[in-house]
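Remarks on the structure that follows.
Labels below follow one simple rule: chain letters A, B, ... track the order of the sequence lines, proteins then strands, and each chain is numbered from 1. Every heavy atom of this structure was used, including side-chain atoms; hydrogens, water molecules and symmetry mates were not. Being a predicted model, the structure only gives us computed values, none of them experimental.
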Number of protein chains: 2
Amino acid sequence: MNKKTNNSPIDWADKLNEFNKRCRQQGLKITPQRIAIYKELSMSRKHPTATDIYTKIRSEYPNISLGTVNSSLLAFAERGVIIIIGASGDPKRFEGNLDPHDHFRCIECHKITDIPQNKHKKIDIPKKLKAKYLVMGKQVLFEGKCDKCR
Amino acid sequence: MNKKTNNSPIDWADKLNEFNKRCRQQGLKITPQRIAIYKELSMSRKHPTATDIYTKIRSEYPNISLGTVNSSLLAFAERGVIIIIGASGDPKRFEGNLDPHDHFRCIECHKITDIPQNKHKKIDIPKKLKAKYLVMGKQVLFEGKCDKCR
DNA sequence: ATGTTTGCAAATAGTTTGCATCCAG
DNA sequence: CTGGATGCAAACTATTTGCAAACAT
């Protein structure tokens with residue numbers, strides 16, 4: 001499509017490097033399973049749940065467990081290697097793409113789509129907030145009905 | 001504190017009117033339970049879960065059920081009488097305050113605080129989004145650690 | 001060598017569903 | 001009257017926990 005062609009081995013090599021670096025920085029051990037989990041996540045633009053990733057990975061690692069997938073994803077998210085998105089009540093959805101962008105969620109089919117940040121790049125963190133809290137992230141979530149559901 | 005004194009009977013009468021009007025417009029039946037649910041929600045600045053509200057209301061309506069509280073809240077949210085906020089994986093949190101504002105969520109204690117919209121009032125909906133989707137709402141969620149947890 | 005991670009299983013939490021009864025409009 | 005709402009219980013889905021064995025550093 002456009003310059004952001006996924007699945008290119010070069011992209012993946014880059015991402016893997018970045019991933020390894022971040023893990024080491026954060027004291028997270030790098031295991032084949034974790035690499036597979038991260039690969040599955042970062043190759044997907046679909047904001048998979050832990051179960052989604054678990055299902056996909058089972059073909060490659062037949063005896064990985066959902067618990068492992070879940071705890072790995074949580075460990076990543078805790079250290080900022082990935083992020084968690086979506087709306088409350090939904091299962092957790094993970095996102096490997098750390099470039100700032102927004103999301104659109106269909107209230108009917110619950111699908112989440114990436115939305116590039118248009119103008120408003122700089123919503124940024126109100127000073128009052130920074131004074132009182134340690135602000136580590138920001139998410140903008142649009143909700144409504146997607147083309148298929150409306 | 002300041003002009004937004006909660007719990008004032010006048011505030012509540014206003015809100016109740018508004019609530020009744022909206023319910024009628026939307027074809028939702030008004031029952032004592034629903035009024036109690038909405039009252040509990042709109043009097044609270046704490047973004048309660050269904051269970052929170054259920055627990056509180058039981059003193060007044062000892063045989064209301066969690067299912068009823070939940071389905072009422074969902075019915076309200078579906079029709080825009082209230083909104084659902086929070087992050088995925090968390091239990092749903094409800095919010096009766098429809099004035100546009102943002103939220104801060106502590107990733108440790110999961111508490112959610114209202115954040116007034118500072119400057120950036122106008123993030124508003126990218127045209128491309130509007131073209132493709134039916135956008136019904138927008139949420140800005142800051143995440144990090146609150147004063148108590150950091 | 002050592003402390004983290006894995007895999008498994010069980011426990012917990014939260015949400016949703018089905019159905020008979022009831023009540024607001 | 002009638003369709004939506006209630007209350008109860010059971011089913012489901014997702015997440016978390018505990019522990020012994022395996023492995024990355």
Helix axis bend for the helix from C/dA1-D/dT25 to C/dG25-D/dC1 - C1'-based end axes, five pairs, 10° rounding: 60°

Among D/dT15, D/dA24, C/dG7, the one nearest A/I64 by side-chain distance: C/dG7

Separation of D/dT6 P from B/K29 NZ (nearest whole Å): 10 Å

Value in whole Å for how far the P atom of D/dT6 lies from OH of B/Y61: 10 Å

Distance, rounded to the nearest Å, where B/R24 contributes CZ and C/dG25 contributes P: 7 Å

Nucleotide D/dT6, atom C1' - distance to CG of B/L28 in whole Å: 15 Å

side-chain contact (heavy atoms from CB on, under 4.5 Å) between A/K92 and A/L74, worked out: CA-CA 10 Å; A/K92 282 194 185 73; A/L74 291 181; 3.9 Å; yes

Touch class at under 4.0 angstrom, heavy-atom based, for A/T68 against every strand present: base

Sugar-phosphate only, base, or nothing, as touched by B/N70 at under 4.0 Å among non-hydrogen atoms: base

Rounded distance in Å - CD1 (A/I30) to C1' (D/dT25): 10 Å

Value in whole Å for how far the C1' atom of C/dT5 lies from CG of A/N63: 14 Å

Pair B/R105 + B/D90: basic N to acidic O under 4.0 Å: yes

Whole angstrom value for the distance that separates C1' of D/dT15 from CG of A/L74: 8 Å

Interatomic distance, B/Y38 OH vs D/dA5 P [rounded to whole Å]: 17 Å

Nucleotide nearest B/L66 (side chain, heavy atoms from C-beta), chosen from D/dT15, D/dT6, C/dT15: C/dT15

Within residues 51-59 of chain B, residues whose heavy atoms come under 4.0 Å of DNA chain C: none

Main-chain N/O of A/S42 paired to A/K15 side chain as donor or acceptor, under 3.5 Å: yes

Within residues 75-93 of chain B, residues whose heavy atoms come under 4.0 Å of DNA chain C: B/P91, B/K92

Sugar-phosphate, base or nothing in reach of A/S71, heavy atoms under 4.0 Å: nothing

Distance test, side-chain N/O of A/R34 to OP1/OP2 of C/dT4, below 4.0 Å: no

Any A/Q33 side-chain nitrogen or oxygen under 4.0 Å from OP1 or OP2 of C/dG7: yes

